[in-house]
Amino acid sequence: MRKSLPWRVLIVWVVTRAALLLAVTQFIPVGHAGHFENDVSLYRDWSQTLLAGQFPAGDDKWQYPPLAAAPMVVPRLLPWSYHLDFYLVALLCDLGILLLLWRFARKVGAGRTGLWAWTVGAALLGPLLISRYDLTVTLVAVMALTASADPVIRGMLIGIGLLVKVWPVALLAGLRRGREALTGAGSALAVAAAGCGVAVLLMPHALDFLTAQEDRGLQIESPAATPFALARAFGWWDGYTNYQHGAMEAVGPGVATAEQLTLFATPVALALLALWWVRATPNAGTYYDAALTAVLFLVVTSRVLSPQYMTWVAGVAAVVLTVRPSGPGAGQRPVVWLVLAATLLTGITYPWLEQDYSWTGDLPGTLVLAARNLILVVAAIMSFVRLWRSTGSRRRTAGVPAHRLAVPTV
């Protein structure tokens, strides 16, 4: 790959992100302004509380680790309105992700597919991409995936990600047995614990996030809620949706059982990953493939699936496309195309069809949401199957050349 960032990629990134900025600020009148502004307004209010020296207390919408304060406070350092400043900071994180992917592609000698996957794929989310703080944690996650193969450095970056939002813990899944797993997981937990400890000393309510999720219900966008959404659209379910904990949640017959199933599904998914981890022999792309599988498992088994979560999956998928597949049956590329399709459908459903599945239960938007969730579930299953087949057992991969088993040092 050339030393300079490919100009076609850069031009498309600039054009798409300029369009997103104009849309989210309604210079391009796309409507649905509240869907983009409301969360940023909430961040603004929280930033006032944070600057006053405490984390939001008694607010059921605050469910985040201590370092989530950073992307909410940083916009106050810029001279314009809080909303515009937030969007600009988000775009800087977006650009940072693109530059990390470009640097990584140069290191491993890969092509531009990963750059295009992020440039175009992330833009499919529409203005939502830059109106949530998830780009910040995705930037840290991509850094953990690409900055260094040293397990200590990688673990420290994952620990920082944990302090911003919990999901980067999934990036530990692909660490190889033995010293790499111990040092990587140990450094991640050490950084996360140290960050929480400092936050507790500096500000009250720093650890409220540990119990904030307990009362959350079944978000209507989640795969587990899809049968209820479809049943309501066809008139087969007497339940309804209610705005709680910052999301639209399903309420009615059978929902409590579905919630219990989601609580059971996540440990089952983790057990499958643990079984794979014990038997697997890694190859060049295993760490990155496992990261995608683990993130998909977390997303599809959760009782909460906010549309901005696709930012995380798109970021990890772009990294996977940057790594050359190796090993028998290796490669998550078919999974990545499914992820991009789900990202497109997410950008269509929210906010354009959100009224259908969240409030009125109309069929068109509900069908699109159901298709998105079905694609995600298929992607998660396919990702795990391909991960399993690509690594095999020690006996099956004993004859694989050493260069095919080495993890890239970047």
Aromatic W46 / basic R44 pairing, under 6.0 angstrom, 45° off normal: no
Between T25 and H83: side-chain donor-acceptor atoms closer than 3.5 Å: no
Flag side-chain contact, heavy atom, 4.5 Å: F104 against Y288: yes
Residues forming a side chain to side chain donor-acceptor pair (under 3.5 Å) with T322, sequence neighbours excluded: none
F209-F55 aromatic ring centre distance below 6.0 Å: no
Any residue meeting side chain to side chain contact (heavy atoms under 4.5 Å, CB included) with F264, in chain and number order, not counting sequence neighbours: V268
Side chain to side chain, V319 and L100, heavy atoms closer than 4.5 Å: no
Set of side chain to side chain donor-acceptor pair (under 3.5 Å) partners for D356, sequence neighbours left out: none
Partners meeting ring-ring contact (aromatic ring centres under 6.0 Å, His included) with W337 (sequence neighbours left out): none
Near-ring test F36/Y350, centroid separation under 6.0 angstrom: no
Set of residues satisfying side chain to side chain contact (heavy atoms under 4.5 Å, CB included) with respect to V255, sequence neighbours excluded: L218, F228, W237, A250, E259
Within residues 124-149 or reaching into it, pairs that qualify as salt bridge (Lys or Arg N to Asp or Glu O under 4.0 Å) - sequence neighbours excluded: D39-R132, D134-K165
Distance-only side-chain donor-acceptor flag, S222 / R303, under 3.5 Å: no
Within 6.0 angstrom of M156 CE, more than 12 heavy atoms from elsewhere: no
Exercise: do E249 and Q244 side chains pair donor with acceptor under 3.5 Å: yes
Residues forming a ring-ring contact (aromatic ring centres under 6.0 Å, His included) with W167, sequence neighbours excluded: W312
Candidate list T266, L261, L263, test side-chain contact (heavy atoms from CB on, under 4.5 Å), partner T301, passing option: T266
Side chains of P307 and T349 in contact at under 4.5 Å (non-hydrogen atoms): no
W388 vs R279 side-chain heavy atoms within contact, under 4.5 Å: yes
By side chain to side chain donor-acceptor pair (under 3.5 Å) - contacts of E37 (at least two apart): none
Please list, one pair per line, the donor and acceptor atoms closer than 3.5 Å that link side chains of residues 115-125 to other protein atoms, with sequence neighbours excluded.
residue, atom, partner, partner atom, Å
W118, NE1, D94, OD1, 2.7
T119, OG1, L115, O, 2.8

T241 and W359 side chains, donor-acceptor separation under 3.5 Å: no
Partner residues of I11 under the side chain to side chain contact (heavy atoms under 4.5 Å, CB included) criterion, sequence neighbours left out: W7, V15
Acceptor/donor pairs from residues 186-199 side chains to any protein atom, 3.5 angstrom cut, sequence neighbours excluded:
residue, atom, partner, partner atom, Å
S187, OG, V152, O, 3.3
S187, OG, T183, O, 2.9
S187, OG, G184, O, 3.0

Results of side chain to side chain contact (heavy atoms under 4.5 Å, CB included) for L374 - residues two or more places apart only: V378
